[in-house]
Amino acid sequence: PAERASGVHGMRTLPTPRLPGPLRSVAGMAVAVSIEPAALAATPGVQTEAAVTVRNDSQIVEEYTLQAVGPGAGYVTLVPARVSVYPGRTETISAQILVPRSPSVLAGELDVAIQVMPTAIVAEGAEPDPARTTTPEVAELIVTVEPFTALAAELVPRVSRSRGRKRVRLAVDNNGNAGIAAALMSTGSERLNVVPREPEILVDPGRAQFVSLSLVPRRRIWRGQAASHPYSITVAPSSGDPVVVDGTHMQEPVFPPWF
């Protein structure tokens with residue numbers, strides 16, 4: 001039988017084409033990544049861990065590589081760094097964080113991102129497979145580096161000589177990862193006064209500060225043998241143990257033995 005014509009100029013009415021359903025976004029969460037805990041404290045020199053969970057929401061077995069990026073990436077090791085995940089399943093990776101006990105890593109927050117990238121590579125110009133993820137997913141981890149104190153001090157010179165007043169220097173090294181405020185306390189003797197030029201100091205991490213000390217004998221020695229005056233300087237930080245440095249001042253007579 002003849003088909004019925006309709007419309008202007010007798011054109012046939014053609015069936016409306018059926019549109020395809022919506023496609024899954026290529027970057028559309030075919031993989032999900034989470035970190036537990038998402039924030040942790042790290043003691044320098046002590047390893048800590050977080051668990052990275054990768055879930056494959058695609059319909060095929062997928063292989064992923066994991067990489068730490070960001071300012072704290074160099075202190076993170078991912079074990080394993082590559083996993084294969086079945087559809088609808090999860091795999092857990094250990095993120096091992098080890099911050100060095102060094103003033104080069106300051107106390108405070110370090111941002112780290114764990115990037116999960118599928119190993120499948122789509123060639124340039126090729127049509128991507130809607131069932132696969134070709135862009136990385138990222139989860140953030142906040143690492144709080146805890147402060148530590150490592151203080152050292154040295155007298156320069158440790159043994160000094162003079163007939164009267166003498167100046168020496170105290171070198172204070174801050175080998176910790178946070179600034180240190182410290183008080184200087186001197187212990188002389190009944191024959192020697194020890195006076196620091198600065199009774200309180202502030203030393204930045206990884207730096208040294210020099211403080212001048214005046215050694216003042218209470219009485220002159222006119223003739224005879226040199227006198228030994230032991231003394232000490234205590235560097236007491238606002239946190240941590242104090243450091244005590246011992247020194248000796250040799251007070252020589254004003255007149256030489258032959259005079």
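All values below come from the heavy atoms of this structure, side chains included, with hydrogens, waters and symmetry mates left out. For clarity, every value in this text was computed on a predicted model and none was experimentally measured.
- Listed here is the closest heavy atom pair of A68 and V112: CB-CG1, 4.3 Å.
- Annotation for P196 and S186: closest pair CD-OG, 4.1 Å, computed over non-hydrogen atoms.
- Residues G224 and P253 approach most closely at O-CG, 3.2 Å, considering heavy atoms.
- For the pair T90/R55, a side-chain contact is recorded, criterion being any heavy-atom separation below 4.5 Å from C-beta on.
- Separating the CD1 atom in I221 from the CD atom in Q251 is a distance of 4.0 Å, to the nearest 0.5 Å.
- To the nearest 0.5 Å, the span separating CE on M185 from CD on E200 amounts to 10.5 Å.
- Smallest separation of non-hydrogen atoms from G176 and P103: O-CB, 3.0 Å.
- Atom-to-atom distance recorded for S228:OG and R191:CZ is 7.5 Å, nearest 0.5 angstrom.
- In plain terms, the two heavy atoms of A39 and L141 that are nearest each other are N-CD1, 4.2 Å.
- Interatomic distance, F210 CZ to D173 CG, rounded to the nearest 0.5 Å: 7.0 Å.
- Neither L110 nor F148 shares a network with the other; the hydrophobic side chains, linked directly or stepwise wherever heavy atoms of I, L, V, M, F, W or Y lie under 4.5 Å apart, form separate groups for each.
- Between D111 and I142 there is a side-chain heavy-atom pair separated by less than 4.5 Å.
- Using a 4.5 Å heavy-atom threshold, the side chains of T248 and M250 count as touching.
- No more than 12 heavy atoms of other residues, nucleotides or ligands sit less than 6.0 Å from atom CD of E140.
- Contact check for M117 versus Q67: no side-chain heavy atoms found under the 4.5 Å cut-off.
- Paired with Y75 under the rule side chain to side chain contact (heavy atoms under 4.5 Å, CB included), one option of V145, V143, V105, L98 passes, and it is V105.
- Judged by distance alone, with hydrogens and angles left aside, the side-chain atoms of S58 form a donor-acceptor pair with the main-chain N or O of I60 at under 3.5 Å.
- Taking Ile, Leu, Val, Met, Phe, Trp and Tyr as hydrophobic and joining them when side-chain heavy atoms fall under 4.5 Å apart, one finds V245 in a cluster with L151, L155, V168, L170, V172, I180, L184, L192, V194, I201, V203, V211, L213, L215, Y231, I233, V235, V243.
- Atom OG of S162 and atom CZ of R167 lie 12.5 Å apart (nearest 0.5 Å).
- A distance of 11.5 Å separates CG in L66 from OG in S94, rounded to the nearest 0.5 Å.
- Side chain of N177 to main chain of E146: a donor-acceptor pair is present (N/O by atom type, distance under 3.5 Å, no hydrogens or angles).
- With V52 as reference, I93 is the one residue of T92, I93, V79, V83 to meet the side chain to side chain contact (heavy atoms under 4.5 Å, CB included) rule.
- Counting heavy atoms from C-beta outward, L106 and P205 have side chains that approach closer than 4.5 Å.
- Listed by first then second residue, pairs satisfying side chain to side chain donor-acceptor pair (under 3.5 Å) with a partner in residues 204-220 read N193-R218, not counting sequence neighbours.
- Nearest approach of I97 to A50, heavy atoms of both residues: CD1-N, 4.2 Å.
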